[in-house]
Amino acid sequence: MNNIPAYNPASIEGKWQKHWDATNAFAAEASHDKPKFYGLVEFPYPSGAGMHVGHIKAYSGLEVVSRKRRMEGYNVLFPMGFDSFGLPAENYAIKTNTHPHVITTRNVEHFKDQMKQIGFSFDWSREISTSLPDYYKWTQWIFLKLFDHNLVFRAKTLVNYCPHCKVVLSNEDSQGGKCDVCHSDVVQLPKDVWYLRITEYADKLLEGLETVDYPESIKQQQVTWIGRSTGAFVDFTLDGIPEQLEIYTTRPDTLYGVTFMVMAPEHPLLDKYKEKITNWDAVEAYRDACAKKTEFERTQLQKDKTGVKLEGLAAVNPVNGKQIPIFIADYVMMGYGTGAIMAVPAHDQRDYEFAKKFGADIIQVIEGGDISVEAYTGDGKMINSDFLNAYDNKKDSIAAMIDFLAKKGIGRKGIQYKMKDWAFNRQRYWGEPIPLIHCPKCGTVGVPYDQLPLTLPDVENFEPGTDGQSPLARIESFVNCTCPKCGGPAKRETDTMPQWAGSSWYFLRFVDPHNDKAFASMDEMKYWMPVDWYNGGMEHVTRHLLYSRFWHRFLYDIGEVNTPEPYAKRSYQGLILGSDGEKMSKSKGNVVDPLDIVKQYGADTLRLYVLFMGDYTAAAPWNDDSVKGCRRFLDRVWRLMDMLNDGEGISKDLAFDVHSCIKKVSEDYEKMKFNTAIAAMMTLVNAFYAKGQVTRGELLALIQLLNPVAPHITEEINQLCKLSDAELIRAQWPKYDPAALVKDTVEVALQINGKVRGRMNVPASLTRDDAQAYFMDTEEVQKLIAGKNVKKLVFVPGRLVNIVVG
RNA sequence: GCCGGUGUGGCGGAAUUGGCAGACGCACCGCACUCAAAAUGCGGCGGGAAACCAUGCCGGUUCGAGUCCGGCCACCGGCACCA
């Protein structure tokens, strides 16, 4: 073809982006006739910094799958929105004295503009933003439903608190003892906070994992985080005190081996009976020392057990009536089980170390190991345990012991989780107001549903109060209200919801984003839900992914959604590291701005590169030279137009190359093996160059396969050469012809004793049975085995022949 | 400590699941085009003169091992005094 201009992404990309925008090209169809595909990528928090190359990679995976699905004839929902409540906007608001709403709106526009410059095929007609009243009305609505079903409660307990951000954090938000927002050390403080009873859903969240297509690593992480264990609660009587000390153990079968007890330093029973404790001074000193230890110090001192014996108090082992001492020690946590344990030094390593240090008895009750060296935690026959000595394995022993305890009324079967209830309030401004009212007469009352949304009032000062209260507490017109139940004067809750509230159900809003009667209609949900494929980061596995599964399962239980699980399939992308192999960060100066790449090479090159750079799920360092190589490939594709001849179909000599490429690309996109799919297309382009010309049919096949990755250049080539009547986004996904993949002869490797000694062409139809006769007759084989004794011949059709000689 | 994962050329990474290790790309080298350079096209590119040696290390199974089994080592991610 003559007069092909040079490839200039800057001009063609903007042109197609405008066209897609103007024609609403990627809007999901309202009709429910076609099979559907709901592809979801995690909507971003619209930070002031704009998009990161990590966003590009995170979205590009399902971008490719979604574009392929449209070409395959599916009705595709591939939406985008913004998780726009959150601390960074609020902190920036405080710094610049600008309303967070203004900042957020500006950032959202910036993000959207950038996403459009990359050419993502999002359905912008369904855009949502969690900080808009139309949206958070329904976040509040779901919260009230949780409240109505007794899944919201208020409790004063030790909470994770970030002194820098001045907020209470959930357990999930303070992993590793660091604040998720600012990475300061989190401290433990007693505070009155709202909780969502996610632990109530622990078993359902575990069971649900068995029904979904998630990678094993994600399932494992959630299972570990939930941390379910089974065992028993046992009551120990305390000498001279009317109250009993309840403990939790996973090894009730070792009850005869209990030689002391340990309580957490924060255990409430201590204060209650402090006059009975004769060494209270020592106890108090120890508690103070513990309270001062940071999370870091506590983990560092893991091996070195500390504690104080309680003088004046003793416990009684309920199975044998023996009196045993009680200690307090910080290796027992108030936040797990009952905050007290029965110590069995013979069969628990921590108890063993404590016993060695504090001189407690060690009584073996399970056979095995060598308890003069360490605790024996394995299975075995019960010994020194009265009538229970009959049992010779853990499972039976535990069952028998629980049965025994239950009959005597001193113990019961129990289940514990490491996961804790979700601390659900923040003492900050930029979040969903919690729709609850405190009435002196009626207690806590929900805001009536018909009064939603409870809108966030304007304030002048976004700074949190010094008393740890939200800025909302300073607005009297907001705080003072009437009780919906009794009509008397009441006060509003002034805390807001945490960052993760809005994202816990956003996938539901996308199916029906403009509905003002419900968060989404059942009709739309029945068609679109569940999300067919959800891609996102590993960092969300124990937060967003867990929280949203919890909300969705709750909505299912109360009949508001149609599926128990929100996401049928989940995948994740690997990090993009800086070119130095380190995590990208401003301070290291290794951050790549995606828009710089767009300016220099074009959006198609950027898209191609993030998918070609390596295994999609693995971390890989950025490499500017490789970006150039991707641009070079697109230049080569562009110049195929110079080689175009008049042929319409696929020429015979290239049929194998074209059809095997169609097969490979079609399969690899589905497996997110984008790097090898692109490699296959590069190989095909190399074959076109080797031949020096390409037919219209061959070029069309290539640009259709490439379209999901590089939509602009391929649409432009199609338009310039008029290869297909329709735009590629409407064209049909190419199908390979299996007949074209069959060859008459195939090359196989010729091995002697497993070592390659040559290659030869053999008929593709050659079977294992005919192999012996065929190969022994050939010159090549005769030459190689001359004078040797052939013991065996192994033939793998299409691959190799191995002759074993002695 | 427990759970999950990774380890292959100078680099990013392939390898149809036990069958020709190093696809594809980058970097590099050579040739062509050019006064020259860039760009582009074509070719080469694990090591070794070769026999051979090479997929973190040691052993095993097999006609054949990057892939399976046993034992180590290193790194990454998650959990962690969870009773």
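Every heavy atom of this structure was used, including side-chain atoms; hydrogens, water molecules and symmetry mates were not. In the text below, chain A, chain B and the rest are named by the order of the sequence lines, each starting its count at 1. For clarity, every value in this text was computed on a predicted model and none was experimentally measured.
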- Whole-Å distance, A/Arg759 CZ to B/C20 P, equals 10 Å
- Query: Side chains of A/Thr259 and A/Asp361: donor-acceptor distance under 3.5 Å anywhere?
  - Reply: no
- Task: Tell me what A/Tyr689 touches on the nucleic acid: a base, only sugar-phosphate, or nothing, going by heavy atoms under 4.0 Å.
- Result: sugar-phosphate
- Would you kindly give the CG-to-P distance between A/Asn753 and B/C20, to the nearest whole Å? 17 Å
- Give A/Gly629 one of three labels, base, sugar-phosphate or nothing, depending on what nucleic acid heavy atoms sit under 4.0 Å from its own. sugar-phosphate
- Task: Would you please confirm or rule out a distance under 4.0 Å between OP1 or OP2 of B/A83 and any side-chain N or O of A/Tyr336?
- Result: yes
- Task: Provide the Watson-Crick or G-U wobble partner of B/G70, both distances under 3.5 Å; none if there is no partner.
- Result: B/C58
- Query: So which one's nearest nucleotide on RNA chain B is more toward 5', A/Tyr417 or A/Thr683?
  - Reply: A/Thr683
- Please work out if A/Arg636 contacts a base, only the sugar-phosphate, or nothing of the nucleic acid, heavy-atom cut-off 4.0 Å. sugar-phosphate
- Here the distance between atom P of B/C81 and atom CD of A/Glu353, to the nearest Å, is 13 Å
- Item | Whole angstrom value for the distance that separates C1' of B/C26 from CG of A/Asp624 | 12 Å
- Message: Under 4.0 Å, heavy atoms only, any strand: does A/Lys583 hit a base, just the sugar-phosphate, or nothing?
- Response: nothing
- Query: Between atom OH in A/Tyr601 and atom P in B/C26, what is the gap in whole Å?
  - Reply: 12 Å
- If anything within 90° of 0 is syn and all else is anti, what is B/U61? anti
- Item | Modelled atom types, side-chain donor and acceptor of A/Tyr214 and A/Ser571, under 3.5 Å | no
- Which part of the nucleic acid, if any, lies within reach of A/Asp635 when heavy atoms closer than 4.0 Å are counted: base, sugar-phosphate only, or nothing? nothing
- Task: Would you mind classifying the nucleic acid contact of A/Lys755 as base, sugar-phosphate or nothing, using non-hydrogen atoms under 4.0 angstrom?
- Result: sugar-phosphate
- Task: Under 4.0 Å between any heavy atoms, over every strand shown, what does A/Gln349 touch: base, sugar-phosphate, or nothing? Just pick one.
- Result: nothing
- Message: Syn or anti for B/G9? Use the chi torsion, O4'-C1'-N9-C4 for purines and O4'-C1'-N1-C2 for pyrimidines, with syn inside 90° of 0.
- Response: syn
- Which value, in whole Å, describes the distance between the P atoms of nucleotides B/G13 and B/A32? 36 Å
- Query: Mind checking the P distance from B/G77 to B/C28? Whole angstroms is fine.
  - Reply: 32 Å
- Message: Would you say A/Arg639 places a side-chain N or O within less than 4.0 Å of OP1 or OP2 belonging to B/G41?
- Response: yes
- In whole angstrom, give me the gap between the C1' atoms of B/C53 and B/A14. 22 Å
- Atom C1', compared across B/C29 and B/C45: separation rounded to whole Å: 8 Å
- Query: Under 3.5 Å, is there a donor-acceptor pair between the side chain of A/Thr338 and the main chain of A/Glu246?
  - Reply: yes
- Could you check whether A/Ala619 gets within reach of a base, just the sugar-phosphate, or nothing at all, counting any heavy atom under 4.0 Å? sugar-phosphate
- Pairwise C1' distance for B/G12 and B/A23, with rounding to whole Å: 13 Å
- Query: Of A/Arg757 and A/Val748, whose nearest nucleotide on RNA chain B comes first from the 5' end?
  - Reply: A/Val748
- Task: Quick one: label A/Asp615 by what it contacts on the DNA or RNA (base, sugar-phosphate, nothing), any heavy atom closer than 4.0 Å.
- Result: sugar-phosphate
- Task: Identify the nucleotide, in any strand shown, that forms a Watson-Crick or G-U wobble pair with B/C81, with both distances under 3.5 Å; if there is none, say none.
- Result: none
- Give a yes or no on whether a salt bridge exists between A/Lys663 and A/Glu667, defined as a side-chain N under 4.0 angstrom from a carboxylate O. yes
- Message: Applying the Watson-Crick and G-U wobble criteria at under 3.5 Å, what pairs with B/C28? Answer none if nothing qualifies.
- Response: B/G44
- Task: May I ask you to check whether A/Phe633 and A/Phe612 place their ring centers less than 6.0 Å from one another?
- Result: no
- Message: What is the separation between atom CD on A/Gln416 and atom P on B/C82, rounded to the nearest whole Å?
- Response: 14 Å
- Item | OP1 or OP2 of B/A38 under 4.0 Å from side-chain N/O of A/Arg632 | no
- Message: Can you tell whether the side chains of A/Arg631 and A/Asp635 come within less than 4.0 Å, N to carboxylate O?
- Response: yes
- Message: Any side-chain N or O of A/Asn675 below 4.0 angstrom from OP1/OP2 of B/A14?
- Response: yes
- Residue matched to B/C75 through Watson-Crick or wobble contacts both under 3.5 angstrom: B/G5
- Do the rings of A/Phe354 and A/Phe358 sit parallel, tilted or perpendicular, given the 30° and 60° boundaries? parallel
- Message: Distance check, C1' atoms only: B/C52 and B/C33, in whole angstrom units.
- Response: 42 Å
- Note on the structure: A/Tyr669 and A/Leu705 have their tightest heavy-atom pair at OH-O, 2.7 Å
- Item | Check: B/C26 base within 3.5 Å donor-acceptor of A/Asp625 side chain | no
- Query: OP1, OP2 of B/U62 versus side-chain N and O of A/Lys792: anything below 4.0 Å?
  - Reply: no
- Please give, in whole Å, the distance from B/C26 C1' to A/Ile678 CD1? 15 Å
- Query: Mind checking whether A/Tyr248 and A/Phe233 have parallel, tilted or perpendicular rings, split at 30° and 60°?
  - Reply: tilted
- Are any of A/Asn686's side-chain N or O atoms less than 4.0 Å away from OP1 or OP2 of B/G25? yes
- By the Watson-Crick or G-U definition, both distances under 3.5 Å, B/A15 is matched with none
- Query: Which whole-number value in Å describes the distance from A/Leu255 CG to B/A83 C1'?
  - Reply: 13 Å
- Item | C1' spacing across the pair B/C26 / B/C75, given as an integer number of angstrom | 25 Å
- Write down the distance separating the P atoms in B/A65 and B/C20, rounded off to the nearest Å. 11 Å
- Note on the structure: Among B/A23, B/G77, B/G12, the one nearest any side-chain atom of A/Thr676 is B/A23
- Message: Whether the side chain of A/Lys305 and the base of B/C81 hold a donor-acceptor pair under 3.5 Å is what I'd like checked.
- Response: yes
